[in-house]
Novice: 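Sending over a structure as structure tokens; questions will come in a sec.
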Amino acid sequence: SSFSHAEHQGFQLRAGFSMNPAIMGALLMAGAGLMSTADLVYSKLLKAWGWPYFRIMAVCVSVMSFFLTAWLVATGRMRAPEKQTLKWLLLRILFGTMTFSMGIVAVQLGASPGNVSALTSVNMVFAAVMGHMFLNEKLRWPHLLSLICSLAGALLITKPAFIFGSSQASENAWIGNVLALLAGLGQAAVFICARKSADTSTSLVVAFTGVFAAPFFLLLPSTGIIDDASLAPVTNQPWLALGFVAAGLGLCSAAICLNAAGAQMCPAAVSATVFTGVSMLSGYLVQIFLFNDSPQPLTVLGAGLMLAAIVVMSLSRRQAPDVTEEVARSSQTAMTMDGVLSERSLRNCSVVEAQSDDDAESLASFAASEFADFEPHVSVRLRRFDAQVIGRVTEMIAASA
């Protein structure tokens with residue numbers, strides 16, 4: 001899949017060469033990782049200077065959405081997504097906005113950019129656990145190793161007081177670390193929803209994101225969860241405020257576009273690995289060279305364990321056999337033995353598979369296959385259909401005996 005088929009073809013023609021969509025997606029996710037770190041640094045600097053970050057970003061995404069929507073309408077490319085895709089698009093925007101906000105708030109509460117990037121890597125482990133809980137799939141040793149590495153890494157990064165004693169970190173830094181972990185769970189949902197809505201135009205995704213994110217950013221400070229400073233600097237220094245809006249517009253546009261396109265073009269495991277690795281490395285480099293805050297050895301070890309966890313999880317992925325072929329073969333066998341089962345059986349198999357694509361179990365199965373690809377899994381409805389075929393064949397054999 002790609003941004004949309006037309007957009008991908010357009011890229012090939014303009015660039016003059018063809019690139020594997022998965023490789024292109026990985027490169028875009030690397031850029032998204034850099035932009036994620038840049039956004040974290042931008043928010044930290046604005047807070048230190050006493051500027052209202054979230055309200056500035058509300059203006060940025062509003063401008064971005066307005067001009068992009070106008071361009072889509074003017075060029076005749078504004079087409080509503082299909083009903084089945086729409087819910088995944090909306091969920092993707094919801095999770096994406098909340099994940100972005102939790103990462104920003106985590107940094108503003110005292111968590112370092114590098115630590116936030118490292119802690120969000122729990123997205124792959126979350127998908128593995130989800131597959132185990134919802135599908136009763138057997139966890140293989142790479143998944144258990146990844147889980148252990150992630151838990152150990154999170155402990156070394158967050159350094160909870162009940163294990164490591166009191167520290168000199170900010171009083172609210174632990175809240176920031178918790179938000180970073182939650183952002184990791186949200187990031188997993190973003191990658192999954194992006195793959196489920198892979199045929200949606202990237203331009204439409206970005207435009208819809210701005211429509212939802214703008215009011216969210218405006219209302220967030222009024223909840224009392226964060227301190228977004230006052231609007232006094234904006235009124236006192238309007239030209240500087242305009243400069244901050246321009247900088248924020250460039251950062252958020254690049255981050256949303258790269259993330260939206262890259263996440264659609266490669267499996268969620270690849271997206272998570274590249275995005276987390278690049279954002280983690282760039283986050284710690286910025287922390288060291290820009291904020292003069294070198295991470296402690298235990299923190300570096302924890303980040304290394306978190307990165308090792310997602311690498312092990314990615315390398316352990318394996319292709320599952322085509323389940324539908326097995327079911328179709330069973331159906332065809334029954335048809336050959338006795339003309340009782342008609343060709344409608346094969347058509348029903350396809351219909352049942354399509355219907356099961358959106359139920360809760362298939363979502364868990366999709367998440368597991370995208371991130372870790374557990375033991376081959378057959379949906380309940382396909383298993384039920386296959387069992388009916390086998391039962392019918394058994395009855396015919398018994399009747400002919």
Side-chain angles (χ1 to χ4, degrees), residues 1-4 7-8 11 19-43 57 60-61 64 68 89 92-104 106-107 113-114 116-124 180 183-198 200-210 213 247-286 306-307 310-311 314 370-371:
S1 58
S2 58
F3 314 83
S4 67
E7 286 178 322
H8 178 51
F11 174 86
M19 182 182 292
N20 185 299
I23 297 177
M24 190 190 307
L27 293 176
L28 292 174
M29 290 309 301
L34 291 175
M35 290 299 101
S36 174
T37 300
D39 274 324
L40 294 177
V41 172
Y42 182 66
S43 70
M57 291 305 295
C60 293
V61 294
M64 175 189 68
L68 188 54
L89 175 60
R92 172 184 179 180
I93 293 171
L94 172 64
F95 285 120
T97 302
M98 295 184 67
T99 297
F100 174 82
S101 300
M102 285 189 288
I104 297 297
V107 169
V116 171
S117 299
L119 291 171
T120 55
S121 67
V122 297
N123 48 38
M124 294 184 69
L185 304 185
Q187 191 67 54
V190 171
F191 290 141
I192 293 170
C193 293
R195 292 288 284 174
K196 296 289 279 187
S197 58
T200 305
S201 166
T202 302
S203 303
L204 190 64
V205 173
V206 176
F208 273 42
T209 299
L249 179 61
L251 285 175
C252 73
S253 298
I256 293 174
C257 290
L258 291 172
N259 206 318
Q264 291 179 192
M265 298 176 68
C266 55
V270 178
S271 297
T273 303
V274 175
F275 180 86
T276 304
V278 172
S279 59
M280 189 188 304
L281 178 61
S282 58
Y284 280 120
L285 289 177
V286 165
M306 300 289 283
L307 184 59
I310 62 175
V311 171
S314 297
E370 282 287 302
F371 280 92

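These numbers come from the heavy atoms of this one structure, side chains and all, not from hydrogens, waters or symmetry mates. If you read the sequence from its start, that first residue is 1, and numbering goes on from there. Nothing here was measured: the structure is a model prediction, and the numbers come from that model.
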Novice: To the nearest 0.5 angstrom, please state how far the CE atom of Met98 sits from the CD1 atom of Ile93.
Specialist: 14.0 Å

Novice: Rounded to the nearest 0.5 Å, how far apart are CE of Met102 and CG of Leu185?
Specialist: 8.0 Å

Novice: Tell me which donor-acceptor pairs under 3.5 Å the side chains of residues 26-39 have, and how far apart each pair is, sequence neighbours excluded?
Specialist:
| residue | atom | partner | partner atom | Å |
| --- | --- | --- | --- | --- |
| Thr37 | OG1 | Gly33 | O | 3.3 |
| Thr37 | OG1 | Ser279 | O | 3.3 |
| Thr37 | OG1 | Ser282 | OG | 2.7 |

Novice: Suppose we screen for side-chain contact (heavy atoms from CB on, under 4.5 Å). Which residues come up paired with Leu40, at least two apart in sequence or across chains?
Specialist: Ile104, Val107, Pro113, Val116, Ser117

Novice: Let me confirm one number: the CD1-OG1 distance from Ile256 to Thr202, rounded to the nearest 0.5 Å.
Specialist: 12.0 Å

Novice: To check you understand the geometry: which heavy-atom pair defines the closest contact between Leu68 and Ser203, and what is its length?
Specialist: CD2-O, 3.2 Å

Novice: If you compare all heavy atoms of Phe95 against all heavy atoms of Gly186, which two are closest, and at what distance to 0.1 Å?
Specialist: CB-O, 4.0 Å

Novice: By side-chain contact (heavy atoms from CB on, under 4.5 Å), which residues pair with Thr99, not counting sequence neighbours?
Specialist: Ala183, Gln187, Val190

Novice: Taking all non-hydrogen atoms of both residues into account, name the closest pair between Cys252 and Met64 and its distance.
Specialist: SG-SD, 4.4 Å

Novice: Among residues at least two apart in sequence or on other chains, which ones pass side-chain contact (heavy atoms from CB on, under 4.5 Å) with Val205?
Specialist: Leu89, Arg92, Thr200, Thr209, Ala260, Gln264

